[in-house]
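Worksheet: one structure, shown below.
Small disclaimer: the values here were computed from a predicted structure and weren't measured. Residue numbers start from 1 in every chain, and the chains themselves are labelled A, B, ... in the order their sequence lines are given, proteins ahead of strands.
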Amino acid sequence: MSRAFVSLTDGPKRILKGHPNIVHLIDAAWHKTSNDVYEVFILMEYCPGSLYSIMSAKPLTV
Amino acid sequence: MTGGGIIDMMNRRLRERLTEADILQIFIDVCEGVAAMHNLRPALLHRDLKVENILQSSDVLYKLCDFGSASPVAPRLPANTQEIRMLEADLNRHTTLQYRAPEMVDPYLRRPIDEKSDVWALGVLLYKLCYYTTPFEEHGPLAILNVQYKIPPYPAYSSQMNSLIGMFRFCVRF
């Protein structure tokens, strides 16, 4: 999780924000639940479909 | 009784799969997203490009997601066996075997992992969009290292499409 945060909270986040082909990060929050455990929430833009589901719905048949 | 039923069914099924135009539409969007990452300074690698990480926002707009594996290019090659093992563990955790470039399959090659490694994965992704399987599914890591794959006879695509898939061979450093 820490890796995701490094790349989301510094420069790249600002530069990639607004690119039409990158899912947007809206906000993120985290809090410590116990000694070394963090609960992390990442709010992303909603995309109704996925390539995986499109391919599953259109099988390749001979 | 004629064969019309079967012909109709085959035609319907031919229509249902992704067309070459569909595939190019998806692929262009993915390439644009990857290009935006690679054009950052320092460049950011996605490292886990695959079908599962592409979302559809509208009929004609596809988006890249899952940046949990993203990282900048390492400043230098691993210097010793211990560093190679650490790199290997990191790759096993953050990347997907079938989409891995040779330098990721065998870190002992000590070849740089950079933008070209993402471009390799783009080639694998394009192959999967066309043929619904990855090019190295059958023969595994050895086939990746030797860049050995076959273009299935069906479905048929234009020769330009198969040349585009073949582009990822130029990502290999020897």
- Query: Do B:Phe168 and B:Ile113 belong together in a cluster built from hydrophobic side chains that touch within less than 4.5 Å?
  - Reply: no

- Hey, any chance A:Ile22 and B:Leu45 share a hydrophobic cluster, counting ILVMFWY side chains that come within less than 4.5 Å of each other, even indirectly? no

For atom [atom1] of [X], is the number of surrounding heavy atoms from other residues, nucleotides or ligands below 6.0 Å larger than 12?
| X | atom1 | value |
| --- | --- | --- |
| B:Asn80 | CG | yes |
| B:Glu138 | CD | no |
| B:Arg110 | CZ | yes |
| B:Tyr108 | OH | yes |
| B:Tyr157 | OH | yes |

- Message: Rounded to the nearest 0.5 Å, what separates atom NE2 in A:His24 from atom SG in B:Cys65?
- Response: 12.5 Å

- Task: Can you measure from CG (B:Leu55) to OH (A:Tyr46) and round to the nearest 0.5 angstrom?
- Result: 10.0 Å

- Under the side-chain contact (heavy atoms from CB on, under 4.5 Å) rule, what do B:Val30 and A:Leu51 come out as? Steps first, then yes or no, please. CA-CA 11 Å; B:Val30 176; A:Leu51 186 50; 5.6 Å; no

Return all side-chain donor-acceptor pairs below 3.5 angstrom for residues 31-40 of chain B, not counting sequence neighbours, or 'none' if the list is empty.
| unit_1 | atom_1 | unit_2 | atom_2 | d |
| --- | --- | --- | --- | --- |
| B:His38 | NE2 | B:Asp118 | OD2 | 2.8 |
| B:Asn39 | ND2 | B:Ala35 | O | 3.1 |

- Pairing residues for B:Gln148 by the side chain to side chain donor-acceptor pair (under 3.5 Å) criterion, not counting sequence neighbours: none

- Task: Just jot down the side chain to side chain donor-acceptor pair (under 3.5 Å) partners of B:Thr96, sequence neighbours excluded, or say none.
- Result: B:Asp48, B:Lys50

Do [X] and [Y] have side chains that get closer than 4.5 Å, going by heavy atoms?
| X | Y | answer |
| --- | --- | --- |
| B:Phe67 | A:Leu25 | no |
| A:His19 | B:Lys63 | no |
| B:Gln56 | A:Ser53 | no |

- Query: Taking all atoms of both residues into account, what is the closest heavy-atom pair of B:Tyr132 and A:Met55, and its distance?
  - Reply: CE2-O, 3.3 Å

- Item | For the student: nearest non-hydrogen atoms of B:Tyr62 and A:Asn21, plus distance | O-ND2, 3.0 Å

- When you look at A:Glu45 and B:Ser57, which way does the side-chain contact (heavy atoms from CB on, under 4.5 Å) test go after all the steps? CA-CA 9 Å; A:Glu45 157 192 25; B:Ser57 173; 4.3 Å; yes

- Message: Quick check on the structure: residues of residues 20-29 of chain B within a heavy-atom distance below 4.5 Å of chain A, by number.
- Response: B:Asp22, B:Ile26, B:Asp29

